[in-house]
Amino acid sequence: SSDLNVLTAERRHVKRVFYSAAKNVNEATNRINVLRMRARELIERYYVSEDEIAGKDYVKDRALVTGVAQRQIQTLTEASKALRDAAAEAERASQLKITDNYEQYFSILAKAAILRAEACEVMRSRSELLLSTEDFNAIVVKRGDLSKKATSLTEAAEELEKRAELLVQ
C-alpha cells in the first residue's frame, strides 16, 4: 500500500509539471496574441488613413497630407513597438522548459514578429517622405520602393508564421 502512495505522488508531480508547462505556453501565446492583435489593429488604421490621401494633390492638400502622415508615423511607431514586444515575449517563451516543437514555434514567431516590425518601420519611412519638401516625383518613386520592401518583409513573416503553425498542429 505504501508503494502505491509513492507512485501516486510521483504521478501527481509529473502531471503538475506537465500542466505548468502547458499553462506557460498558453500564457505566453495569449500575451503574444494580444500584442499581435494590437499591431494588426494599428496597421489596419494605417491602411484606412492611406485611403484618406489616395488621389490627393500633395501640394494643394498639403495640410491634410501632413496631418495624415503624422498620424501614420505615430500609428506605425506603436505597431512596430507592439511587434517588437511580441518578438521579445516569443523569444522568452522559446526559453521555457517546453517541448522542442514549441521552442522552435516561439523562436520562429519571434523572427516573424521582427520582420513585421521592420515592415512597419519601412512604412513609417514611407510616410515620413510625405513630410519631405523633395521633388514630388522623387517622393513617389521612393514611396513605391519602400512599399515593395515592406511587402517582401511581410511576405517573409507570413512564410515563417506558416512554418511555425505546422510545428504545433
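Worth knowing before you read on, the calculation uses all heavy atoms, side chains too, and leaves out hydrogens, waters and symmetry mates. Numbers here simply count residues along the sequence, with the first being 1.
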Geometric class of the Y102/Y105 ring pair [parallel <30°, tilted 30-60°, perpendicular >60°]: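 If you compare the ring of Y105 with that of Y102, the planes turn out perpendicular.
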Any carboxylate oxygen within less than 4.0 angstrom of a Lys/Arg side-chain nitrogen, looking at [X] and [Y]?
| X | Y | value |
| --- | --- | --- |
| R36 | E161 | yes |
| E89 | R92 | yes |
| R40 | E44 | no |

Short side-chain to backbone donor-acceptor contact, T66 and R62, under 3.5 Å: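 Yes, the answer is positive, given that a donor and an acceptor are paired below the 3.5 Å cut-off.
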Heavy-atom donor-acceptor pair, N101 side chain to L167 backbone, under 3.5 Å: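 Yes, because the side chain of N101 sits within donor-acceptor range (under 3.5 Å) of the backbone of L167.
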[X] side, atom [atom1]; [Y] side, atom [atom2] - distance, nearest 0.5 Å:
| X | Y | atom1 | atom2 | value |
| --- | --- | --- | --- | --- |
| E165 | I108 | CD | CD1 | 10.5 Å |
| I73 | S125 | CD1 | OG | 9.0 Å |
| E121 | K81 | CD | NZ | 12.0 Å |
| T29 | N26 | OG1 | CG | 6.0 Å |
| M123 | T75 | CE | OG1 | 12.5 Å |
| Q72 | L130 | CD | CG | 6.5 Å |

Trace of the side-chain contact (heavy atoms from CB on, under 4.5 Å) decision for Q169 with L166: CA-CA 5 Å; Q169 277 181 349; L166 290 175; 3.6 Å; yes
Could you see if [X] belongs to whatever hydrophobic cluster contains [Y]? Use Ile, Leu, Val, Met, Phe, Trp, Tyr and a side-chain cutoff under 4.5 Å.
| X | Y | value |
| --- | --- | --- |
| F106 | L160 | yes |
| Y58 | V68 | yes |
| L76 | Y47 | yes |

side-chain contact (heavy atoms from CB on, under 4.5 Å) evaluation trace for Y46 with S127: CA-CA 10 Å; Y46 162 81; S127 294; 3.6 Å; yes
Residue pair E78 / Q74, side-chain donor-acceptor N/O under 3.5 Å: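 A donor-acceptor contact under 3.5 Å links the two side chains.
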Closest approach of [X] and [Y], non-hydrogen atoms and distance?
| X | Y | result |
| --- | --- | --- |
| A39 | L83 | CB-CG, 3.5 Å |
| A69 | L131 | CB-CD2, 3.8 Å |
| T154 | A119 | OG1-CB, 3.5 Å |
| A164 | L109 | CB-CD2, 4.3 Å |
| E103 | I98 | OE2-O, 3.3 Å |
| C120 | I43 | SG-CD1, 3.6 Å |

K23/E27 under salt bridge (Lys or Arg N to Asp or Glu O under 4.0 Å): CA gap, chis, key distance, verdict: CA-CA 6 Å; K23 185 172 177 261; E27 286 172 356; 3.1 Å; yes
Pair L153-R116, side-chain contact (heavy atoms from CB on, under 4.5 Å): steps then yes or no: CA-CA 7 Å; L153 286 165; R116 286 188 180 277; over 6 Å; no
Pairs of donor and acceptor atoms involving the side chains of residues 135-149, under 3.5 Å and at least two apart or interchain, shall be tabulated with distances.
unit_1: D135; atom_1: OD2; unit_2: N137; atom_2: N; d: 3.3
unit_1: D135; atom_1: OD2; unit_2: A138; atom_2: N; d: 3.2
unit_1: K142; atom_1: NZ; unit_2: E134; atom_2: OE1; d: 3.1
unit_1: K142; atom_1: NZ; unit_2: E134; atom_2: OE2; d: 2.7
unit_1: R143; atom_1: NH1; unit_2: R126; atom_2: O; d: 2.9
unit_1: S147; atom_1: OG; unit_2: R126; atom_2: NE; d: 2.7
unit_1: S147; atom_1: OG; unit_2: R143; atom_2: O; d: 3.2

side-chain hydrogen bond (donor to acceptor under 3.5 Å, both in side chains) partners for E91, two or more places apart: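 side-chain hydrogen bond (donor to acceptor under 3.5 Å, both in side chains) check on E91 returns S94, Q95.
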